[in-house]
*Asks:* 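Okay, here's the structure, questions in a sec.
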Protein chains: 2
Amino acid sequence: MAKRTHLQDSEPRVQDDGVPLEARVRAEIIRGAFPPAARLRMEDLKARFEVGFSPIREALSRLIGEGLVEFEPNRGFRVAPLSREDLLDIALARVAVETAALKRSIEHGDDRWEAGIVAAMHQYRRRSPIAFTNEATLLSWEESHDALHAALIGACGSSRLLALQRRLQDQHVRYRRLIVVKEVAQEVHIEEHEKLVELALERRSADAIAEIERHMMITVDALDQSSIWEKFGETAG
Amino acid sequence: MAKRTHLQDSEPRVQDDGVPLEARVRAEIIRGAFPPAARLRMEDLKARFEVGFSPIREALSRLIGEGLVEFEPNRGFRVAPLSREDLLDIALARVAVETAALKRSIEHGDDRWEAGIVAAMHQYRRRSPIAFTNEATLLSWEESHDALHAALIGACGSSRLLALQRRLQDQHVRYRRLIVVKEVAQEVHIEEHEKLVELALERRSADAIAEIERHMMITVDALDQSSIWEKFGETAG
DNA sequence: AAAGTCAATATTTGCGAAAATATTGTAAAT
DNA sequence: ATTTACAATATTTTCGCAAATATTGACTTT
């Protein structure tokens, strides 16, 4: 008889089919369904996603490239760990990618680009609630927030810069989800984006870039003020 | 730490086998062993690399994230296609990543960083031959060239920027291999790098960045002067 | 005790058959 | 001649077992 090792029965089976397995696993990781650095045992995943070994290994292999999963030969896959240092690295890389892309967008963007930003900003404002009562509200807000950032660089004309921004943002979201978002003062957050949008539309490249650099530290600061890093055994250097 | 107190009596085949399959496939693709956009049939790869389906699919899945392979569900994998537009995109993204990393390196680099650059420049100069008579000469030159670029940004302090640079460089190399490198005037090429090294060591950030931006167009220009794009059916807009 | 040995167990990795899906080729209908 | 239908073929994709490797634990030796 197979011996029961440790069951990970906290989360029920994920069923959403028709969606590629890779997307499903990615969503689970970003959502934080697995603890950071958790081992991803094949048997567990097989049961959870109700597929065989091959598709799972393939999906995880893809997610390595997205920075969400790590791999060591013969020792399997694990969720990418979280640390303050890593978050700083993400913020750094995002600044590099996103400022370059924004600069180009500001140079080349037409009125369609402008309209996209205005629309995204509107939706983001509308979806910023007083409080996050349920998960749907949070997800809706997050989606509009990320869409605004995407709209701002939408005219950069580089598929690679766009893809990199998306990838780094996914990695960033894992950290954002660690804080009870209540802690993020909504008014201030909205104002920052309004400022950023304004600068972009006025084609004030340098100022917009400076704003992004500042903006990217929000998550770092918020997490520093919580006591999250201690939980991960981080020395927070 | 895996301790090996008693040796295995038969040392396994160390030839190709010690190298992970992913690295072998990547090398083949970068080398141009498969034509751009070529379909990668499972049976073919299985025969070529002498492994089963699973390891191949896994390796290819990883290479998607490196931008060397494309995938379409139920239609399999293919080598990432090449085009002038794509090369411009790579150059663009490289400028974004590499200038950000170089700027930070110049700000934070210590004498160890400087020494690394000087050493890399020396080796690069030594390995630049009058003519590329055989493949080994080419590979040796390429390695030293890429190592110099890595050394320049080595003190940027961001593992993500370093990884991105490496990844984009791999993609870039596929294009560089298209030209008979003879066409690249060696003296000019060396001089450009000497200039770049000089500016970096003198901590002239803005000038060094401008030099990189200019430098990144070399491959584009060289390929434009050849008639490569027509071969790919490119309109070369 | 502490460290080493070795068997028992757990887990990952590779393999090829079989299922699922796409592509091609042929013939009938418009 | 062009399109449609459908069978025949080719290819991808999944699955579970078996092999390879890592981990655990009980037992011996120093």
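Labels below follow one simple rule: chain letters A, B, ... track the order of the sequence lines, proteins then strands, and each chain is numbered from 1.
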*Asks:* Could you give all pairs that pass the side chain to side chain donor-acceptor pair (under 3.5 Å) test and reach residues 62-77 of chain B, with sequence neighbours left out?
*Replies:*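 Found Arg26(B)-Glu66(B).
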
*Asks:* Would you check if the side chain of Tyr175(A) reaches a backbone N or O of Ser83(A) as a donor-acceptor pair within less than 3.5 Å?
*Replies:* yes

*Asks:* Rounded to the nearest Å, what distance is computed from the CZ atom of residue Phe71(A) to the C1' atom of nucleotide dT12(C)?
*Replies:*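 In whole Å, dT12(C) C1' lies 9 Å from Phe71(A) CZ.
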
*Asks:* Can you list, in residue-number order, the parts of residues 57-69 of chain B that come under 4.0 Å of DNA chain C, counting heavy atoms only?
*Replies:*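 Contacts with DNA chain C under 4.0 Å: none.
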
*Asks:* Could you identify which residues of residues 36-52 of chain B place a heavy atom less than 4.0 Å from some atom of DNA chain C, listed by residue number, or say none?
*Replies:*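 DNA chain C contact set from residues 36-52 of chain B: Lys46(B), Val51(B), Gly52(B).
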
*Asks:* Just how far is it from atom CZ of Arg160(B) to atom CG of Leu168(A), taken to the nearest 0.5 Å?
*Replies:*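 Arg160(B) atom CZ to Leu168(A) atom CG measures 7.0 Å (nearest 0.5 Å).
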
*Asks:* Between Asp224(A) and Arg84(A), does at least one N-O distance fall below 4.0 Å, as a salt bridge requires?
*Replies:* yes

*Asks:* For the rings on His149(B) and His215(B), is their centre-to-centre separation under 6.0 Å?
*Replies:*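 Ring-ring flag for His149(B)/His215(B): true, centres closer than 6.0 Å.
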
*Asks:* Could you tell me how the ring of His145(A) sits relative to the ring of Trp141(A): parallel (under 30°), tilted (30 to 60°) or perpendicular (over 60°)?
*Replies:* parallel

*Asks:* Can you tell me how far C1' of dT12(D) sits from CZ of Phe77(B), to the nearest Å?
*Replies:* 9 Å

*Asks:* Can you name the nearest heavy-atom pair linking Leu161(A) to Ala93(B), along with the distance?
*Replies:*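 Where Leu161(A) meets Ala93(B) most closely, the heavy atoms are CD2-CA, 4.2 Å.
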
*Asks:* Starting the side chain at C-beta, find the nucleotide from dT13(D), dT23(C), dG16(C) nearest to Ser54(B).
*Replies:* dG16(C)

*Asks:* From the list dG16(D), dA22(D), dT13(D), which nucleotide is the closest neighbour of the side chain of Phe53(B)?
*Replies:* dT13(D)

*Asks:* Between atom CD1 in Ile56(B) and atom P in dT13(D), what is the gap in whole Å?
*Replies:* 13 Å

*Asks:* Parallel, tilted or perpendicular: which one describes the rings of Phe71(B) and Phe77(B), with boundaries at 30° and 60°?
*Replies:*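 If you compare the ring of Phe71(B) with that of Phe77(B), the planes turn out tilted.
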
